[in-house]
Number of protein chains: 2
Amino acid sequence: MSKSKSVVLTTLEKTGGFVSAQEVFQLLRKQGKPTGLATVYRALQKAAVENSVDVLRKEDGEALYRLCATGHHHHLVCKNCGKTVEVEGSAVEKWANTVAKNNGFRKVTHVVELFGLCAKMLI
Amino acid sequence: MSKSKSVVLTTLEKTGGFVSAQEVFQLLRKQGKPTGLATVYRALQKAAVENSVDVLRKEDGEALYRLCATGHHHHLVCKNCGKTVEVEGSAVEKWANTVAKNNGFRKVTHVVELFGLCAKMLI
DNA sequence: GTGATTTTGATAATCATTCTCATTTGTGAT
DNA sequence: ATCACAAATGAGAATGATTATCAAAATCAC
């Protein structure tokens, strides 16, 4: 594993949640480990192929990455302030497996994210 | 409903499956009903808000649209051939609402996508 | 160390999507 | 029908994430 890649993955580990490539780029810069944007993308791409990160897309199409395997869980994210709560969902896991089986699919993974407004928002 | 929007949705109906905005644009052109690209995007955007089309993203981030007859549902997508099955998940809806309530979140929406290998794949 | 191979990063190129704004079309009242 | 005003349209520019390019720097094998 190249040095850059390990640095990128370490950053993902620290954040814990889903982060975009651009965010990783900024984080590394602030951490004093400036890394080329292209390099960040390359690292995330490889990691995705190797299944060491989960990838999902925001509504606007931007890709978000998360280190996977570290205790599977989901997120409840406030659209307004970004507050993120980790939530456990064994119900969802079971549901996903059942659905997969019923449709003859194997090696099924799933992406489940919840978005809303947290209690602080009074809109 | 504006004329353009109905033309766009008609095209989606004809194709049946998932199509990109760019493809719709080309199809309309070939059909002799040339429509501005911006207009195609606007029509699809509105339709998405109204939940009259399903939106999902290809791996490269391009958005795909499909006329959806029924209400809210999720997708089970084959990573290999792209085959997509619509799955209903009232269990998931309930779970999402409960989790949201427990955490004081309001107006919660969720993203749930399942990925796997369909029966045709013998890897 | 020397040369080959890989990795990196600055920048340019790509491409879907959104924005802008002038023009056209539809609508409603009179 | 006509006028006035709102909504829709389209051509092209602007945006922004991602990818490609390519020369310089780090790494490896010997």
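So you know, we letter chains A, B, ... as the sequences are listed, proteins then strands, and number each from 1.
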- Task: Report yes or no: does A/Asn103 contribute a side-chain atom to a donor-acceptor pair with the main-chain N or O of A/Phe105 at less than 3.5 Å?
- Result: no
- Check the surroundings of atom NZ in A/Lys46: do more than 12 heavy atoms from other residues, nucleotides or ligands lie under 6.0 Å from it? no
- One would report the end-axis bend of the helix from C/dG1-D/dC30 to C/dT30-D/dA1, five pairs per end and rounded to 10 degrees, as 40°
- Query: Hey, mind stepping through A/Arg42 and A/Thr39 against side-chain contact (heavy atoms from CB on, under 4.5 Å) and telling me if it holds?
  - Reply: CA-CA 5 Å; A/Arg42 276 186 287 245; A/Thr39 304; 3.5 Å; yes
- Message: Can you measure A/Phe25 atom CZ to D/dT19 atom P for me and round it to whole angstrom units?
- Response: 16 Å
- Task: Go through A/Val87 and B/Trp95 one step at a time and tell me if the side-chain contact (heavy atoms from CB on, under 4.5 Å) criterion holds.
- Result: CA-CA 11 Å; A/Val87 294; B/Trp95 171 79; 4.3 Å; yes
- Query: Going 5' to 3' on DNA chain C, which nucleotide is the first and which the last to come under 4.0 Å of a heavy atom in chain B?
  - Reply: C/dA16 to C/dG26
- Point-to-point distance, once rounded to the nearest 0.5 Å, from OG of B/Ser2 to NZ of B/Lys5: 7.0 Å
- Query: Going through the distances and angles, do B/Thr15 and B/Leu67 end up as a side-chain contact (heavy atoms from CB on, under 4.5 Å)?
  - Reply: CA-CA 9 Å; B/Thr15 68; B/Leu67 206 54; over 6 Å; no
- Item | B/Glu13, CD atom: more than 12 neighbouring heavy atoms under 6.0 Å | no
- Task: Nearest whole angstrom, please: distance from the P of D/dA17 to the CD of B/Glu62.
- Result: 18 Å
- Query: Does D/dG16 have OP1 or OP2 sitting under 4.0 Å from an N or O in the side chain of A/Gln22?
  - Reply: no
- Starting at the 5' end of nucleotides 4-10 of chain D, put B wherever the base has a protein heavy atom under 4.0 Å, S where only the sugar-phosphate does, and a dash everywhere else. ----SBB
- Message: Using whole Å, what does the distance between atom C1' of nucleotide D/dT15 and atom CG of A/Asp60 come to?
- Response: 12 Å
- Query: Quick one: are A/Gln22 and A/Leu37 in side-chain contact, heavy atoms under 4.5 Å?
  - Reply: yes
- With a 4.5 Å limit on heavy-atom distance, are the side chains of B/Leu12 and B/Leu44 in contact? yes
- Query: What distance do A/Lys3 atom NZ and A/Lys33 atom NZ have between them, rounded to the nearest 0.5 Å?
  - Reply: 10.0 Å
